[in-house]
Amino acid sequence: MNISDSERIHTVMKDAGFGFEARMEEADLIIMNTCSVKQKAEDKVWGHFNKIKHLRRKNKNVRVGLTGCMVRESGVAKAYASELISKDKLFQSSDMLDFVFRIEDLPRLNSYLSIVYNKEIGQDYSDELTSYFGVRPEYAQSFQVYVPVQTGCNKFCTYCIVPFTRKREVSRSMQEIIEEVKALADQGAREVTLLGQTVNSYSHPGSPEEYSKNNFAELLFHINKIPGIARIRYTSPHPMDMNSELIRAHVELEKVCNHVHLPAQSGDTEVLRRMNRKYTRERYMEVVREVKEKIPDVGITTDIIVGFCGETDEEFEQTSALFREVEFDTSFTSRYSSRKGTYSDKNLLDDVPSSVKAARWHHLNNLMIEILMEKNAKLIGKTYAILTEKVLPDGRFEGMTTNYKRVQFQSKKKDIIGKIIPVQITHSKEFVLLGKPIS
């Protein structure tokens, strides 16, 4: 989502007459697009302000803006215009910050910049835009694109700030999404990833009779028909919305990748209750079993939080057992950090010591490596279609299988970026497979 939003910011800035600089040191306008899911993400942002302070010693005209999930309210600093004083507390945290805006207010960014620079910067995007998704971005790479279909969240997990920063769920119209993907396919897109905070809770907001209202699977069926698109992915779904219709889409639609990201967060029902995840361990495993039974060669990845409020050794062991039972292909594991404004910050005690969180993180990471080494070794000799994404410094190419395995290989042909190449697996490592192209 951050990549997709940044592409839209870049497009608005270019339309306003700004040029892009690859190095922060060469820029006179810096906009940071932030994430606040983890404390580490926010710490990175504040670390940049030390660098910006040094840049301002050399160039007092450097302007700094901030958007993304750290921003609650749009506006500019008091020094610029009293009628647009922002109540956002970010201004109290750094005197290096000139303006902030919620990403949803991106179409009005030029108005903020006009105030900051005290001159007309450019026209805002049309008021007819129902959301910032209406800004059609320039994509970073044409063959592999991210298309947001929904933003916001109604789930209110106790540890998560997203419902307060991104607000309630808002979905784009199905027709708008389809038209955007068609245009991208005409421009050379081969793989599209549909985005949302809880993407599979997508709810078509319009009234055309040809679309139902609450059916993410239906959206996949429509996109599957678009010529030129070879692969369809989506992230990040919620287990509660992983229904049989969506699983059927994986089975029946040849372009939908056989990869399901299924965030568990914990393998213990009591911890899940404290997290307000709204499902039990048993229900999660029911979904996993249906996914494995019906989707051939499926890759299942997950998100896990270790050291959540009150997590005991016995509760953590349930998460370890879940790893062994599911045999995840990848886990994005995080140590719990309290987010101000969330239910857990206000009502639960962050009582698991940092050393214990670290030990549990390392335990799960080692367990994941053990599982991956065993699973990946069984893939030697198999052939997969690889979408070639990039060239590594050593000259090898790298890409992904449909079931989310990263593959590296040598090729005599050099014009294969963005192309789908059959590759036979010859060696396996924990996080990457090595192979050779075949005719």
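Numbering starts at 1 and runs along the sequence shown.
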Atom NZ of residue position K413 - does it have more than 12 heavy atoms of other residues, nucleotides or ligands inside 6.0 Å? no

Exercise: identify the closest heavy-atom pair between A249 and L220: CB-CD1, 4.1 Å

Would you call the rings of F332 and Y404 parallel, tilted or perpendicular, where under 30° means parallel and over 60° means perpendicular? perpendicular

Side-chain heavy atoms of R231 within contact of T402, under 4.5 Å: yes

List the atom of E311, the atom of V306, and the distance in Å for their closest heavy-atom pair. OE1-C, 3.9 Å

Carboxylate-amine/guanidinium proximity below 4.0 Å for D105 and R102: no

Tell me whether the rings of H259 and H261 are parallel (<30°), tilted (30 to 60°) or perpendicular (>60°). tilted

So that I can tick it off, tell me whether K155 and D241 are bridged by a salt bridge, with the cut-off set at under 4.0 angstrom between side-chain N and carboxylate O. yes

Examine the side chains of S201 and E169 and answer whether a donor and an acceptor come within less than 3.5 Å of each other. yes

State whether K167 and E104 are salt-bridged, where the test is any N-O pair (Lys NZ or Arg NE/NH1/NH2 against Asp/Glu carboxylate O) under 4.0 Å. no

Reported NE2-to-CE distance for the pair H238 and M242, which is rounded to 0.5 angstrom: 13.0 Å

So, E293 and R289, do they make that salt bridge, N to O below 4.0 Å? no

Heavy-atom neighbours of K14 NZ exceed 12 at 6.0 Å: no

Ring geometry between F323 and F328 (parallel below 30°, tilted from 30 to 60°, perpendicular above 60°): perpendicular

Check this for me, if you would: do R277 and D268 make a salt bridge, where the nitrogen-to-carboxylate-oxygen distance has to be below 4.0 angstrom? no

Testing S266, P263, P239 one by one against Y284 for a side-chain contact (heavy atoms from CB on, under 4.5 Å), which residue passes? P239

Electrostatic pair E398:R406 at N-O distance under 4.0 angstrom: yes

Test item: H362 and N365 side chains (from C-beta on) under 4.5 Å apart, heavy atoms: no

Residue N347 excluded, over 12 heavy atoms near CG under 6.0 Å: yes

